[in-house]
Amino acid sequence: MRSLLLRMQNGDRGLYAGSKDGLVMMAIPAYNRKDVGLTKDTVTAMVEIRATSSAAMREGLDLVAVLDVSGGMGGDKIQSVKKALQFVIMKLTSVDRLSIVTFDSTARRLTPLRSMTQAAQTDLKADVDGLAAGGGTDIKAGLELGLAVLAGRVHAESRTPNIFLMSDGQTTSGDPREVHPGEVAVYTFGFGAGTNHKLLSDLAKKSTGGTYSAVPDGTNLSAPFSQLLGGLLTVVAQDVQLTLEPNTADGDLEKMTVAPGTDYTTITDDKRGLITIKFGTLFSGEARKVAVNFTLRDSDETEEYDATLAEARHSYAGQKTRQSLEAILIVRTPNPSSPVDAGAVENRSVLAEEVRRMHADTINAASLLADDERLEEARERIADAQNAVEDIVLLDLDDGEKMVNALRAELLQLLAFMESQEIYNERGHPYALATVTSHGRQRTAARGDEGEVMCLYATPRMNAYLEQAKRFEENPKEPMPTADDDVEGEIS
């Protein structure tokens, strides 16, 4: 197995070796229109980048679990935390490193960042078994210490820094949003009805690539921990970026903007109009779709021609060959076709992405109304969105039916959580936050629905780990496959 994965050991650094070129590819841009007129007009292009589905090539994982062990975490909650950490420890290999930080009124580093050898696994399992609840809830101290552990790394090349931060309460000291995570992905988990879910969602969104997951009372932390771990153990590229360079020389382009609805760090060079979008890491098989709106000037031409509007290039850490530019162009013609045609081949994928972004915006707007105790207006907004989803015609678009079914199910679930203000506050509010975060980052996030609502962004490894975690919860003594076993099964 080790020869199959070409594993190399170098001190405490472990990685799956091999060239990183070609691990992330860009698709030919798709457009919402076949062509446009010669007069002032608009067009939308969708740029998609996708990570290869690779089991044998991945970055090493550096994970810090930042755990709330305050007084409210007693009883079943602390036991759930222990089980979730036990599962994580079992799935990590010597390629990966784990540190555990706990916080109540103060923060403590329970264990340093350790390569997960068998000896380290034994030690950390014993440390986890000894966790006890008591004291206040200083989330800021916990996050700062977790980031300090990662900042102190000696070896960081080909390793991805990540934090799992979970809490069940309201922070009692300082504002954690004042902490700057840098390039560390912070995944947060709101554990129970008393949690400040909005705060935890904000912390995740402030980081590059992080997501917020809801863990309602009575559910297990193992499920969301395991599903995200399944992604983090398949990171094929980090520092993934997309650069869009407008073509202002030919005179066609008046303005280029990234369409709203996604939630990534975006940097605009005001002088050149250059737009850089930072995605962070990409898991095996993950995709990122970005819609770009172009406003065109009146053309001086009288005949049909190809107008180059911009050029797109993607990049990521470790690539040796510079990626070629992909031209974003559109046909300009005196006799343009209809600008709206949901059945047109060139439209469908762009239409699907527009529908998905509008869907996320609707959930966000409805949840804000419900947060303001305007529940009837929120329900009306959801009902309007349901009607819109039912009107979608995506024909034979790949995964079109899956997307529509997922959107429909999300709306039905949220509507059920809006039956009363009490139910919404307990279940609907965190569900909406996690759903909006998931769509904004185009990455899975647990919402406390026990997997009943299909997640559009779950990868095969994530789904496999979710099922393994469920079995582990039922019988912790049942042998679980190791991460190497998982890889071997995917390759064979």
The reported gap from CZ in Arg58 to CG in Leu233 (rounded to nearest 0.5 angstrom) is 5.0 Å

Heavy atoms of Gly428 and Leu414 approach each other most closely as O-CD1, 3.8 Å

For Met462 and Glu286 the tightest heavy-atom approach is CE-OE2, 4.4 Å

Do Phe279 and Ile49 touch side chain to side chain, with heavy atoms closer than 4.5 Å?
yes

Margin query: With a 4.0 Å cut-off on N to O distance, would you call Glu353 and Arg356 a salt bridge?
Written below: yes

For a 4.5 angstrom cut-off between non-hydrogen side-chain atoms, does Thr171 reach Asn196? no

To the nearest 0.5 Å, atom CG of Leu282 lies from atom CZ of Arg50 at 10.0 Å

Is the closest side-chain donor-acceptor distance between Thr234 and Ser284 under 3.5 Å? no

>> Please determine whether the number of non-hydrogen atoms from other residues, nucleotides or ligands lying under 6.0 Å from atom CE of Met90 exceeds 12.
In response: yes

Looking only at heavy atoms, the pair that brings Val24 and Ala237 closest together is CG2-CB, 3.6 Å

inquiry  = Quick test of your reading of the model: are Asp486 and Lys91 salt-bridged, counting only N-O distances below 4.0 Å?
reply    = yes

Would you say the side-chain atoms of Thr435 and Glu410 include a donor-acceptor pair closer than 3.5 Å?
no

Residues Ser70 and Ala133: closest non-hydrogen pair is O-CB, 3.3 Å

| query | Does a donor on one side chain sit under 3.5 Å from an acceptor on the other, for Ser315 and Arg313? | reply | no

A side-chain contact here means heavy atoms from C-beta on lying under 4.5 Å apart; do Arg177 and Leu203 qualify?
yes

Does Arg471 pair with Glu474 as a salt bridge, N-O distance under 4.0 Å?
no

Here the pair of heavy atoms bringing Leu232 nearest to Val235 is O-CG2, 3.5 Å

Lys/Arg-Asp/Glu bridge criterion (N-O < 4.0 Å) met for Glu473, Lys470: no

request  = Check whether any side-chain heavy atom of Leu124 sits under 4.5 Å from a side-chain heavy atom of Met116, and report yes or no.
outcome  = yes

Distance-only polar pair, side chains of Thr44 and Asn293, donor-acceptor under 3.5 Å:
yes

Rounded to the nearest 0.5 Å, the OG atom of Ser222 sits from the CG atom of Leu466 at a distance of 10.0 Å

Here the gap from Asp384 atom CG to Thr362 atom OG1, rounded to the nearest 0.5 Å, amounts to 8.5 Å

Applying ring-ring contact (aromatic ring centres under 6.0 Å, His included) to His439 and not counting sequence neighbours gives His359, Tyr457

ring-ring contact (aromatic ring centres under 6.0 Å, His included) filter on Phe225, not counting sequence neighbours, yields Phe164, Phe189

query: Got a salt bridge between Asp202 and Lys198, using NZ or NE/NH1/NH2 to carboxylate O under 4.0 Å?
result: yes

Is there a donor in the side chain of Gln421 and an acceptor in the side chain of Asn425, or the other way round, less than 3.5 Å apart?
yes

- Are Lys278 and Glu183 within salt-bridge range, i.e. N to O under 4.0 Å? yes

To the nearest 0.5 Å, atom CZ of Arg108 lies from atom OG1 of Thr102 at 4.0 Å

NZ/NE/NH1/NH2 to OD/OE distance under 4.0 Å, Arg33 and Asp41 = yes

Going by heavy atoms in the side chains, are Gln238 and Arg159 under 4.5 Å from each other? no

